[in-house]
Amino acid sequence: MPKIDIEILKVESSTGYPEPFRQAVLGRSRKRLGNAVGLDQFGVNLTRLAPGAQSSQRHWHEAEDELVYILEGEVVLCENEGETVLKAGDAAGWKAGVPNGHCLVNRSTRDAVYLEIGSRAKRERAEYPDIDLLYRRDDEGNHYTHKSSEPYSK
C-alpha cells in the first residue's frame, strides 16, 4: 500500500463557485489524499479551514454520500435543523438524496483541520437552498448555474 507523503502534496484553495459565492470559502484549503493514490470510487481530502471561513455554501447532494471527521479545532455545522458545534474527535455525515443543506463554519480564532470523505458519482446534482446556485456534473464536466439552469456570466 503506497504511503502518502502529505507534506509534499499540493495545497488547493480554488473553488468552482461563481462570484459572489466564492467569498465565503476563502480560507479553505485542501490536500487531496485520495487523488494522490489514484482513488476513483471515493474522495478523501485533508482540509484546513481558517477562522471566519466556510467549508462550502450550504448544500446537499443527490448522488453522493459525504462524511467529515474533525481532527483539530472546532467548527459549527449548519444544517436545515440548526447549528451544532463539532470538535476534534467528532464526525458528521450526509446520505445522498436527503435534502439537508449543510456546511461547516469556523467561528473560532484558530484553524480547524478535518477529513472530508465522499463518493464520486459520475453524474451528480447538488442544491444550494440559501442561494441561487445549482451544481451538476455530467459527461461534459462540472457546471454551476442559476437554479433556472442559466449559466453565470464569466
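- Side-chain atoms of W94 and E79 include a donor-acceptor pair closer than 3.5 Å.
- In this structure the side chain of P18 reaches within 4.5 angstrom of the side chain of L133, judged on heavy atoms.
- Exactly one of L104, V105, I131, N80 qualifies for a side-chain contact (heavy atoms from CB on, under 4.5 Å) with R58. That residue is N80.
- Aromatic ring orientation, Y128 versus Y144: tilted (interplanar angle from 30° to 60°).
- Between R110 and S108, the shortest heavy-atom distance links the atoms O-OG, 2.9 Å.
- Looking at heavy atoms from C-beta onward, D130 lies out of side-chain contact with Q57 at the 4.5 angstrom threshold.
- For the side chain to side chain donor-acceptor pair (under 3.5 Å) test, residues two or more places apart in sequence or in another chain that qualify with E116 are R30, N45, T47.
- When all heavy atoms of A91 and L86 are compared, the closest pair comes out as O-CD2, 4.5 Å.
- A side-chain N or O of E124 and one of H61 form a donor-acceptor pair less than 3.5 Å apart.
- Across all non-hydrogen atoms, the minimal contact from L134 to A126 is CD1-O, 3.4 Å.
- Note on Y114 and L77: same hydrophobic cluster, where clusters join Ile, Leu, Val, Met, Phe, Trp and Tyr whose side-chain heavy atoms are under 4.5 Å apart, directly or indirectly.
- Contact annotation: the side chain of K147 never approaches that of E150 to less than 4.5 Å [non-hydrogen atoms, C-beta and beyond].
- More than 12 heavy atoms of other residues, nucleotides or ligands shown are found within 6.0 angstrom of CD on E19.
- Between the side chain of S119 and the backbone N or O of A121 there is no donor-acceptor pair closer than 3.5 Å.
- In this structure, W60 and V98 have side chains that are not in contact, with every pair of non-hydrogen atoms separated by 4.5 Å or more.
- Listed by first then second residue, pairs satisfying side chain to side chain donor-acceptor pair (under 3.5 Å) with a partner in residues 81-93 read E83-R107, not counting sequence neighbours.
- In this structure a side-chain-to-backbone donor-acceptor pair under 3.5 Å is missing from H59 to C103.
- Using modelled atom types and a 3.5 Å distance limit, the side chains of R136 and N142 yield no donor-acceptor pair.
- Taken from CG in L49 to CD in E74, the straight-line distance is 12.0 Å, to the nearest 0.5 Å.
- Considering only heavy atoms from C-beta on, E64 comes within 4.5 Å of R137 through its side chain.
- Residues N106 and P51 share a closest heavy-atom pair of ND2-N, 3.5 Å.
- The minimum heavy-atom distance between A63 and A96, with the atom names listed, is C-CB, 3.4 Å.
- The hydrophobic cluster containing Y135 also contains V25, counting ILVMFWY residues as joined when their side-chain heavy atoms lie under 4.5 angstrom apart, directly or transitively.
- Residue L115 shares its hydrophobic cluster (ILVMFWY side chains chained together at separations under 4.5 Å) with I4, I6, L9, L33, V37, L39, F42, V44, L46, L67, Y69, L71, V113, I117.
- Contact check on R123 versus D139 returns a salt bridge, with a Lys/Arg side-chain nitrogen under 4.0 Å from an Asp/Glu carboxylate oxygen.
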